[in-house]
**Student:** 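Sharing a structure, written as structure tokens. Questions coming.
Hydrogens, waters and symmetry mates play no part in the numbers below; they use all other heavy atoms, side chains included.
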Amino acid sequence: MPHPFRVLALGLASLAASVAAAFADPPKSPQPISAKPKQIVLISFDSAREISQWERSRALAKRTGAHFTYFLSCVFLLSPETRGQYVAPGKGAGKSNIGFAASKREVADRLEQIGLATSEGHDIGSHACGHFDGKDWSKADWLAEFGAFRHILENAYAINGITPEPSGWREFARHAVTGFRAPYLSTDKALYEALPEAGFHYDASGVSSGPALPPTKNGITHFALPLIPEGPKSKPVVAMDYNLYVRHSGGFEMPAKADEFADRAYHAFRAAFDAQYNGKRLPLELGFHFTQMNDGAYWNALERFAGEVCGKPQVECISFRDYVARQRSGEAVAGG
């Protein structure tokens, strides 16, 4: 039976101050205040399917103090028996580019992971549903897809006959998902017209020439995966595991070279991080999937990288949602 959904509780720690009364001692010089903000690292996962990878990512977060964003594909909340609940724009019922959950049991396990991740402070975003390329969709098409996502998420327990439904689940489904990443990072003008109307606060579908401050337009903060130097010739590549997979092995599995590919990916992540940490401290975005490409090379690189940087005093590995919340509260979150 799924673990009950647990609402994240925030506690305030109390601070104690002590005053020295040794008049003979000269006053201490004030400690210099760093002119730089903390380095922000934004790590996200697309589709969020495999249960073992939910567990692995959550364990990584606990070890490093990081908070992640999971861009969920809603078809993984439908079993083979309930797949007809999803109708993509221009498609028949029960169609998906990435399949559906394997069983009702798998849906229940995934819902449990979503609840646990949320209770641990992670961000659940939308990756739409069937992973279709929406570059030619109309605004109405995008709104229909967003509506399908929210309906399926909100009613996932009832649709699949999974009981009990955790208290607070529907409230979470209606209000907690505030961000979106387009499948294939494929967008059109209509998407950006639909996002504010659908209630989103941020979009993470962009690609940029390097780390950049995310601009806000029409109420939507726009994040972009950066191009980062990679490999012996430092050729730019989108900072996402799939792009590294294609760069390294043409999109085909080469497990014998997994260690080599993991090392290359790690050094690319670390070099991009160091350039910002020692420079302007613009936020650094890194994207991943739950799929174990090249025998897990890119996840191994991620764990090595996050283990080294996320715990640094001047670094925060946070979610897109938390970045936007800080941005909107006026808190400094990146260098200029």
Side-chain angles (χ1 to χ4, degrees), residues 1-11 44-59 61-62 67-88 93-96 98-131 143-181 183 198-202 290 319-322 325:
M1 195 64 64
H3 192 287
F5 177 76
R6 297 182 288 188
V7 178
L8 177 65
L10 298 177
S44 59
F45 304 98
D46 289 6
S47 292
R49 180 170 191 168
E50 289 79 6
I51 304 303
S52 61
Q53 297 300 90
W54 275 102
E55 294 170 338
R56 183 176 175 182
S57 62
R58 289 176 46 240
K62 289 176 182 177
H67 286 132
F68 302 136
T69 295
Y70 297 89
F71 290 109
L72 175 70
S73 295
C74 86
V75 289
F76 298 137
L77 300 182
L78 296 175
S79 69
E81 295 77 21
T82 59
R83 60 187 293 171
Q85 290 278 332
Y86 170 58
V87 182
K95 303 294 183 182
S96 166
I98 50 175
F100 293 83
S103 65
K104 173 180 174 178
R105 177 73 262 171
E106 185 189 294
V107 173
D109 290 343
R110 188 166 295 107
L111 290 169
E112 177 184 16
Q113 290 300 315
I114 293 170
L116 290 170
T118 302
S119 73
E120 292 159 3
H122 299 292
D123 175 22
I124 306 299
S126 170
H127 199 42
C129 287
H131 212 276
L143 290 173
E145 183 78 350
F146 296 150
F149 180 96
R150 293 188 184 279
H151 171 77
I152 291 168
L153 180 64
E154 181 177 342
N155 295 281
Y157 282 90
I159 287 171
N160 292 282
I162 299 168
T163 57
E165 179 180 296
S167 173
W169 176 262
R170 290 173 184 263
E171 185 71 11
F172 154 77
R174 292 181 190 126
H175 301 294
V177 178
T178 61
F180 176 72
R181 174 173 282 158
F200 288 106
H201 295 171
Y202 72 84
F290 276 12
S319 68
F320 290 102
R321 177 199 62 205
D322 289 347

**Student:** What residues form a side chain to side chain contact (heavy atoms under 4.5 Å, CB included) with S319, not counting sequence neighbours?
**Tutor:**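 Scan of S319 (side chain to side chain contact (heavy atoms under 4.5 Å, CB included), adjacent residues dropped) gives T69, D123, R321, D322.
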**Student:** I'd like to check the side-chain hydrogen bond (donor to acceptor under 3.5 Å, both in side chains) partners of T82; sequence neighbours left out, ordered by chain and number.
**Tutor:**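 For T82 the side-chain hydrogen bond (donor to acceptor under 3.5 Å, both in side chains) partners, ignoring immediate neighbours, are S79, N160.
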**Student:** Which residue pairs pass the salt bridge (charged side-chain N to carboxylate O under 4.0 Å, His left out) test when at least one of the two sits in residues 149-158, sequence neighbours left out?
**Tutor:**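 Those involving residues 149-158 are E154-R170, E154-R174.
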**Student:** Go through the structure and list residues passing side chain to side chain contact (heavy atoms under 4.5 Å, CB included) with A144, not counting sequence neighbours.
**Tutor:**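 With sequence neighbours excluded, A144 shows a side chain to side chain contact (heavy atoms under 4.5 Å, CB included) to no residue whatsoever.
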**Student:** Please report the closest heavy-atom contact between G130 and E145, naming both atoms and the distance.
**Tutor:**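 So the two residues come closest at N-OE2, 3.5 Å.
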**Student:** About how many Å separate CD1 of I159 and CD1 of I152, when rounded to the nearest 0.5 Å?
**Tutor:** 6.0 Å
**Student:** Among N155, L153, T118, which residue satisfies the side-chain contact (heavy atoms from CB on, under 4.5 Å) criterion with W169?
**Tutor:**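 For W169, the side-chain contact (heavy atoms from CB on, under 4.5 Å) test succeeds with only one of N155, L153, T118, which is L153.
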**Student:** CZ/R49 to CZ/F100 distance, rounded to the nearest 0.5 angstrom?
**Tutor:**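 Output value for this atom pair is 10.0 Å.
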**Student:** Which residues satisfy the salt bridge (charged side-chain N to carboxylate O under 4.0 Å, His left out) test with D46, sequence neighbours excluded?
**Tutor:**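 Result, salt bridge (charged side-chain N to carboxylate O under 4.0 Å, His left out) vs D46: R181.
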**Student:** As an exercise, state the distance from OG of S57 to NZ of K62, rounded to the nearest 0.5 Å.
**Tutor:** 10.0 Å
**Student:** Residues two or more places apart in sequence or in another chain: which of them pass ring-ring contact (aromatic ring centres under 6.0 Å, His included) with F149?
**Tutor:** none
**Student:** Could you give me the CA-CA distance, side-chain angles and deciding distance for I114 and L77, then say whether side chain to side chain contact (heavy atoms under 4.5 Å, CB included) is met?
**Tutor:** CA-CA 11 Å; I114 293 170; L77 300 182; 4.1 Å; yes
**Student:** Measuring from atom CZ of F290 to atom CZ of R56, what distance do you get when rounded to the nearest 0.5 angstrom?
**Tutor:**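 Interatomic distance, F290 CZ to R56 CZ, rounded to 0.5 Å: 10.5 Å.
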**Student:** Kindly give the heavy-atom pair with the smallest separation between A198 and F146, and that separation in Å.
**Tutor:** CB-CD1, 3.5 Å
**Student:** Restricting to non-hydrogen atoms, name the atom on F76 and the atom on A101 that form the minimum distance, rounded to 0.1 Å.
**Tutor:** O-CB, 3.6 Å
**Student:** So does E120 get a backbone contact from the side chain of H67, meaning a donor-acceptor N/O pair under 3.5 Å?
**Tutor:**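 Looks like yes, one N/O pair under 3.5 Å.
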**Student:** State, to 0.1 Å, how close I98 and C129 come at their nearest heavy-atom pair, and which atoms those are.
**Tutor:**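 Taking every non-hydrogen atom into account, CD1-O, 4.0 Å.
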**Student:** For R83, what residues pass the salt bridge (charged side-chain N to carboxylate O under 4.0 Å, His left out) criterion, not counting sequence neighbours?
**Tutor:**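 Expected list: none.
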**Student:** Could you pull out all residues at least two apart from F68 that satisfy ring-ring contact (aromatic ring centres under 6.0 Å, His included)?
**Tutor:** F45, H122
**Student:** Restricting to side-chain hydrogen bond (donor to acceptor under 3.5 Å, both in side chains), what partner residues turn up for E106, sequence neighbours left out?
**Tutor:** R110
**Student:** Kindly write out the residues that satisfy side chain to side chain contact (heavy atoms under 4.5 Å, CB included) with K104, not counting sequence neighbours, or none if the list is empty.
**Tutor:**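 Applying side chain to side chain contact (heavy atoms under 4.5 Å, CB included) to K104 gives I162.
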**Student:** Search all heavy atoms of A148 against all heavy atoms of C74 and return the closest pair with its distance.
**Tutor:**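 For A148 and C74, the tightest heavy-atom pair comes out as O-SG, 4.4 Å.
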**Student:** Using 30° and 60° as the class boundaries, would you call the ring planes of F71 and Y202 parallel, tilted or perpendicular?
**Tutor:**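 Because their plane-to-plane angle is over 60°, the rings of F71 and Y202 count as perpendicular.
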**Student:** What's the shortest heavy-atom distance between A156 and L111, and which atoms?
**Tutor:** CB-CD2, 3.7 Å
**Student:** Taking side chain to side chain contact (heavy atoms under 4.5 Å, CB included) as the test, write out the residues that go with Q113, two or more places apart.
**Tutor:** I51, W54, E55, R58, L116
